[in-house]
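Here is the structure we will look at, set down as structure tokens.
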Amino acid sequence: MSAVSSPAPSAVESAPRPAREVLPALSGLLLGMFVSMLASTVVSTSLPVIIHDLDGNQTAFTWVVTATLLTTAISTPVWGKLADLVNRKLLIQLAIAIFVLATAAAGFSQSPEMLIAFRAVQGIGAGGLAALSQVIMADIISPRERGRYMGLFGAVMAVATIGGPLLGGVITDTWGWRWNFFVALPFAVLALIILQRTLHLPARAKRKVHIDYVGIVLLSVAVSLLLIWVTLAGDSFDWWSAETILMVGGAIVATALFIVVELRSKEPLIPLGLFRNRTFTLAVIASIATGIAMFGASVFLSQYMQLARGATPTEAGLMTIPMIAGLLLSSIGVGALITRFGQWKPYLIVGSVFLIAGSYLLSTIHYDTNFALVSVYMFLLGAGVGMTMQNLVLVVQNTSKPTEIGVASSGVTFFRSLGGTIGVSVMGAALATSVTNLVSDAKDDLTAAIMSLGAKGAEIAQQLQSGTLPQVSKMPEVVRVIFEDIYAQGISHSFLIAVPFAVISLIAVLFLPNKPLTRMTTSERVRASEADFATVSVPEGMETLAPTEAITTVDAAELEGDKDRDASTTASTRR
């Protein structure tokens, strides 16, 4: 027998918390997530109309999206770091307020530049919601038990991602696109009230806070220069030019300085020591492809439906339901299976395969491809995102130190957002270049089609020469067919960019250590660590708890010897 008895299993793995304790705390968090998703998805189907009305071009369209993604990516690790330092409840309320106020302000935009600026501020709040929702969830639900609540998160995702585009399309077609930016306001107010009343997080030890301001600035400069270069190269200047040298060189220098600062900082924005954790490093690599697939699909499938198939915003929302259905069903189903069986890796592998298949198949679509086939392709891509997106954060939280849950969770989310941002920028740049080249190649056909329209043709020609993103659904039939073919080819070529990243994601997932999921929440792991539950017999507990000092165990033979010596000493004393 061991000289040190093992603690009761409850000390290592806490029993699942009753739903009546978890649901009130989750309600405000769910509503906050709903607000952020609704404010994003409600605009997705109307963006082509918005950019057309504001006299913007394809580059403006791309930047309206990437501005939000850029600030989301940059702010995510900042929020995550703050979550490890200060009050998490206050932070998520602040994030909701920033997000919704910026969204409402965007509804008053008078130019693409004004819209891009407000969308950038919106991204700061979105970064907070993306990072803090994961961190707070780890505070109140263990990784193993999280699957049983995926139905609730799936329902929120379903309503926001399916209802948002449909609602946005109806609002755009009925009252105008500006009302899309105001629809989330009442939900935001309700979310703030519910969070204040129901979210009660364990008290955290107070300590002096050090914010890595230099790291924030350097990271912002590096990512911004890279995205601006990707967007403008080949259009405003040549790929090989002085501008390229300055921008790429500046991004490399800023990245190098960022690494130096992070190594020397007391509270680094992204602790580079996290990359010593094999699970974290491989999850980051895999999450990049997930970000490209998720953001790229949401942006360019909406464009495909409206510019290549002539759909209205409302119709475009309906036509993207297969992708949302794939995401919803896979995230709920896989979450339940993970909770029941405790296995996560097979689902990540299958999800990565679906990402490859969906991205490749969408790169083959044309303007007249059978919509049943397009629906299958979208479903595969959505299922791949649903199986990988949240579960990559889950496995990282499962292996990270309790004190680093914030930066570890936000680190994965950051690289997913960064991958999506770069992916959308590259895909948008490729689309703009493809459309320009294809329009040039189809110049003769376009001229003949416009000439056949008589007096109305002059108006169409003037609109095309302005460079404004066209509203294809309102074009005459002879011109519309040509543009539908052009945009279908350009968008399908853009999806091909996501394929190699999806392959890399699969390779990273294959090498992820297959560690079992703990049943302990972050708060319980912190308390267990403080109590120094050093010797545990449950394998899952050994994965999550590290003893603070060595404990010597004594085997049975040594115990018997001790007993004999004690008996001999007692006898001598009596004599």
Side-chain angles (χ1 to χ4, degrees), residues 59 62-63 65-82 113 116-117 119-121 123-124 127 131 210-277 280-282 284-285 287-289 291-292 295 407-408 410-430 432-433 497 500-501 504 508:
T59 300
T62 302
W63 266 101
V65 178
T66 53
T68 306
L69 295 179
L70 172 62
T71 50
T72 299
I74 293 170
S75 64
T76 295
V78 179
W79 289 103
K81 187 62 187 179
L82 289 173
E113 293 77 17
I116 290 168
R119 292 274 292 181
V121 178
I124 296 174
H210 297 276
I211 306 298
D212 184 13
Y213 296 107
V214 178
I216 295 171
V217 172
L218 289 172
L219 180 64
S220 304
V221 170
V223 176
S224 300
L225 283 175
L226 185 62
L227 291 181
I228 293 171
W229 171 68
V230 168
T231 304
L232 300 181
D235 182 20
S236 301
F237 52 82
D238 294 333
W239 286 98
W240 296 106
S241 62
E243 290 88 347
T244 292
I245 294 172
L246 289 173
M247 290 185 182
V248 176
I252 293 172
V253 170
T255 302
L257 290 174
F258 173 74
I259 292 172
V260 172
V261 168
E262 296 304 280
L263 290 172
R264 298 171 62 89
S265 176
K266 291 182 180 180
E267 296 283 357
L269 187 62
I270 303 177
L272 300 183
L274 287 173
F275 289 96
R276 298 193 191 102
N277 183 333
F280 177 81
T281 303
L282 291 172
V284 161
I285 295 171
S287 66
I288 292 174
I292 292 174
F295 295 116
V407 290
S410 63
V412 177
T413 307
F414 163 71
F415 284 103
R416 184 176 70 212
S417 299
L418 182 61
T421 308
I422 295 174
V424 169
S425 297
V426 173
M427 292 170 75
T433 302
I497 295 171
F501 291 98
I504 294 172

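Values below: every heavy atom of this structure, side chains too, minus hydrogens, waters and symmetry copies.
- Rounding to the nearest 0.5 angstrom, the gap separating the CH2 atom in W229 from the CG atom in L246 is 13.0 Å.
- Within the 3.5 Å criterion, the main-chain N or O of E262 finds no donor-acceptor partner in the side chain of S265.
- Closest approach of F415 and I288 over heavy atoms only: O-CG1, 3.7 Å.
- Residues I497 and A430 share a closest heavy-atom pair of CD1-CB, 3.8 Å.
- Annotation: the span from L219 atom CG to L257 atom CG amounts to 12.5 Å, rounded to 0.5 Å.
- More than 12 heavy atoms of other residues, nucleotides or ligands shown are found within 6.0 angstrom of CZ on F258.
- The two residues A254 and L218 have their closest heavy-atom pair at CB-O, 3.8 Å.
- Proximity of T244 to S241: side-chain heavy atoms (C-beta onward) are separated by under 4.5 Å at one or more points.
- Interatomic distance, I285 CD1 to I504 CD1, rounded to the nearest 0.5 Å: 8.5 Å.
- Scanning both residues, T255 and A222, for their nearest heavy atoms gives OG1-CB, 3.5 Å.
- The closest donor-acceptor contact from the side chain of T281 to the backbone of F275 lies under 3.5 Å.
- By the neighbour-count criterion of 12 heavy atoms within 6.0 Å, atom OH of Y213 is sparsely surrounded, having that number or fewer from other residues, nucleotides or ligands.
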*Could you go through the side-chain contact (heavy atoms from CB on, under 4.5 Å) check for V217 and S220 one step at a time?*
CA-CA 5 Å; V217 172; S220 304; 5.7 Å; no
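- The two residues G215 and V261 have their closest heavy-atom pair at N-CG1, 4.1 Å.
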